[in-house]
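Heads up, the thing below is written out as structure tokens.
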4 protein chains.
Amino acid sequence: MRLAAELFAEKGYQATTVRNIADEAGILSGSLYHHFDSKESIVDEILSSFFDELNADNKAVLERGGDPRTVLTELVRNCFRTLVPHRAAVMVMQNDWNYLRQFDRFDYLARAEEETERLWVGQIKRGQETGLFRDDIDARLTYRMIRDTIWVAVRWFQPAGPLDAEGVADHYVAVLFDGISTGPR
Amino acid sequence: MRLAAELFAEKGYQATTVRNIADEAGILSGSLYHHFDSKESIVDEILSSFFDELNADNKAVLERGGDPRTVLTELVRNCFRTLVPHRAAVMVMQNDWNYLRQFDRFDYLARAEEETERLWVGQIKRGQETGLFRDDIDARLTYRMIRDTIWVAVRWFQPAGPLDAEGVADHYVAVLFDGISTGPR
Amino acid sequence: MRLAAELFAEKGYQATTVRNIADEAGILSGSLYHHFDSKESIVDEILSSFFDELNADNKAVLERGGDPRTVLTELVRNCFRTLVPHRAAVMVMQNDWNYLRQFDRFDYLARAEEETERLWVGQIKRGQETGLFRDDIDARLTYRMIRDTIWVAVRWFQPAGPLDAEGVADHYVAVLFDGISTGPR
Amino acid sequence: MRLAAELFAEKGYQATTVRNIADEAGILSGSLYHHFDSKESIVDEILSSFFDELNADNKAVLERGGDPRTVLTELVRNCFRTLVPHRAAVMVMQNDWNYLRQFDRFDYLARAEEETERLWVGQIKRGQETGLFRDDIDARLTYRMIRDTIWVAVRWFQPAGPLDAEGVADHYVAVLFDGISTGPR
DNA sequence: CATGAATGAGGGTTCATTCAT
DNA sequence: AATGAATGAACCCTCATTCAT
């Protein structure tokens, strides 16, 4: 699975052949089918384990409570933290989701994402209602921008680089809440 | 080309067969080869025409001059404006670039992007130097966040929706410069 | 199609590979798919053309009318006559139907057979009602025996042998109507 | 063996996988190889046990003696009686023989069938010589028709149906000797 | 400008069989 | 007696591409 995930991340799901994965594992392609039903089921396991962990972490943040800014900050940190161990899964989501979503078996991922959207949008709206966030922005649109910006970072983010996950998360949160301008709003 | 672009955008480059494109055009697959050298050359033309236009627009903004905030605002608007006519090309870049970049023939796109990066990062740094932008943010990191957020929007942006390209651009610029928080920075 | 039919007849549907067929045709296996959708569709065409012709012939016999003995005799002759040009199709029906019937696409063959059964059984019953045939035999059971005996003959019948199709048919009809015994019934 | 026979009968020899058999037996496919050398040897055992029993029964009939009509009647009854306990073996012979005969190891079955043919044809000819059977019929052809009609009945014969093995045998013998017509021959 | 037949490489998958444990 | 991992060959099928017409 780990080897397959890396190949999917590097070359893309479609461009990775079952034979590639087997080669990497040092076995024959047919032998893979002793462990997996199909190529689809491999990527399914990769993605679902990623989503399961992310959802659990998100729920934990919600349960800890706090004002919307705190909650959003923690959610963002969650994402960037997840980026490292699930780099491959995120990469697949970014590059291959448009292909994978056509298969019924991945419907559950679309539903999971909808639930996540409700969770984030709920926090943004609460922030607007309590006067913490500007109310001239669209909550749903803002969520999508946040979401996309975070996950797409997988394409260039290097944990070994100058900024680690925490560092990038904080940088991102800083821009998100206060913008890049100086001076009064 | 337009038909091919739409198919690439909808199903992805790899998942779109030459036969799909030919069917859409009402001819046989072999006949396509009177118009194109290869499947790669089709997507190449789609992408290069997009990049050419975008680069030209970006350069025009630079030539008009102005303070960094104005320039960045115009650059963002440029992008969102380009999103509509070049929706398919952007979609391909988002979904299939990871696959396409392995071919030498697309190296020029990577180089074009590097140039664009220099252009944007230059403006951000100029803003920091003139005290317009916070200097506790990383210019390169910030550029990447801006870039990703804009282009990834192609996945959900609908020009016929509540916000048109201009609207989304302004929304985005508002958040970018001043953040989503109220109150003093 | 003719080549494929012969291979199916000789080795069986499952044991005949697409490559076998292509080799026989002097092309590559992939090239077959320019002419056929799938291996299934090849056998489908073979079988349906056989059934179509047989049904048409049967209907023609019915339309010509006559007493049940005459009609049954003609139906039997029809079958044996069909055996020669559609040898391969009959062979496939005998050997591979048990496998093929699991696929929905061949449901129509089962339905066609039911219709044929009604036709034959109708004639046998009419013979019994008019006192032409013994009424201590079961019409449906008798039909099945007739049917099976005829078609299974494909396994050994050789048109170039001592008896041609007509000869075998007449032999069969003789036994069927009057039995192999001499003396009074 | 019983489980394998049922699967072979239901789905066909080729379409039944070793894994199918093992699943049915509640073990893993590899474990089957402690009991059988190969898939072929399983079907071999099924078929040979069927043929052994049938041959023994046939020889017993011959030894009991009697006029050809009596002997043939008993041979037919033998077959239909064997149909019930060896349903699966007969099914395999009907559906898969064309495939299995290509393997040398099953040559003995072809030879056993030749011997059986001699036995039956001998009785028919004896009947013709003694004036019991019409001599305008071909003994060998008639044997084949009898044989085929009997065994192919496995496809629809249901011991729990209106007619049991004995009933079908008698029905068949009645038609065979006296035909389905009324009136003088 | 288009056809349509064919190529050839490779795709995911199946499956009888082996074998160390 | 059974496991479970692996083999290796083959299977059906796909698809970008070529080319004579």
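Worth saying up front: this structure is predicted, and the values here are computed from it rather than measured. We name chains A, B, ... by the order of the sequence lines, and we start the count at 1 in each one.
Relative to the ring axis of F8(D), K39(D) does not place its NZ or CZ within 45° and under 6.0 Å from the centre.
For S29(B) and I27(A), each mapped to the nucleotide of DNA chain F holding its nearest heavy atom, the one lying further toward the 5' end belongs to I27(A).
When the C1' atom of dG11(E) is taken as reference, atom CD of E40(A) falls 14 Å away, rounded to whole Å. Taking atom OH of residue Y99(A) and atom P of nucleotide dG11(E), one finds them 13 Å apart after rounding to whole Å. Distance H35(A) NE2 to dA5(F) C1': 6 Å, rounded to the nearest Å. Atom P of nucleotide dA16(E) and atom CD1 of I42(D) are separated by 10 Å, given to the nearest angstrom. Straight-line distance from the CG atom of L28(C) to the C1' atom of dA16(F): 15 Å, rounded to whole Å. In this structure, L32(C) atom CG and dT14(F) atom C1' are separated by 13 Å, rounded to whole Å.
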Table of protein N/O atoms under 3.5 Å from nucleotides 19-21 of chain E N/O atoms:
none

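For the side chain to side chain contact (heavy atoms under 4.5 Å, CB included) test, residues two or more places apart in sequence or in another chain that qualify with R155(A) are Q94(A), N95(A), V152(A), Q94(B), R155(B). Taking S38(B) as the reference, E40(B), S41(B), R105(B) meet the side chain to side chain contact (heavy atoms under 4.5 Å, CB included) condition, with sequence neighbours excluded.
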Check the pair T116(A) / F51(A) against side-chain contact (heavy atoms from CB on, under 4.5 Å), numbers first and verdict last. CA-CA 10 Å; T116(A) 306; F51(A) 267 80; 5.6 Å; no

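A heavy-atom distance below 4.0 Å to DNA chain E is reached by none of the residues of residues 4-24 of chain B.
Among W97(D), F50(D), F157(D), the single residue meeting the ring pair (Phe, Tyr, Trp, His ring centres under 6.0 Å) criterion with W151(D) is F50(D).
Heavy-atom minimum distance, A5(C) versus A88(C): O-CB, 3.3 Å.
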Let me have DNA chain F in dot-bracket notation, would you? Count Watson-Crick plus G-U wobble pairs, both distances under 3.5 Å, and use [ ] for pairs crossing earlier ones and | for inter-strand partners. .||||||||||||||||||||

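Proximity of D148(C) to D148(D): side-chain heavy atoms (C-beta onward) are nowhere separated by under 4.5 Å. Residues L100(A) and L47(A) have side chains in contact (heavy-atom distance under 4.5 Å, counting atoms from C-beta outward). You'll find the side chain of W156(A) reaches within 4.5 Å of the side chain of R147(B), heavy atoms only.
Between E6(B) and R87(B), no side-chain nitrogen of the basic residue sits less than 4.0 Å from a carboxylate oxygen of the acidic one, so the salt-bridge criterion is not met.
For residues 19-29 of chain D, every residue pair satisfying the side-chain hydrogen bond (donor to acceptor under 3.5 Å, both in side chains) rule, not counting sequence neighbours, is listed here: K11(D)-N20(D), T17(D)-N20(D).
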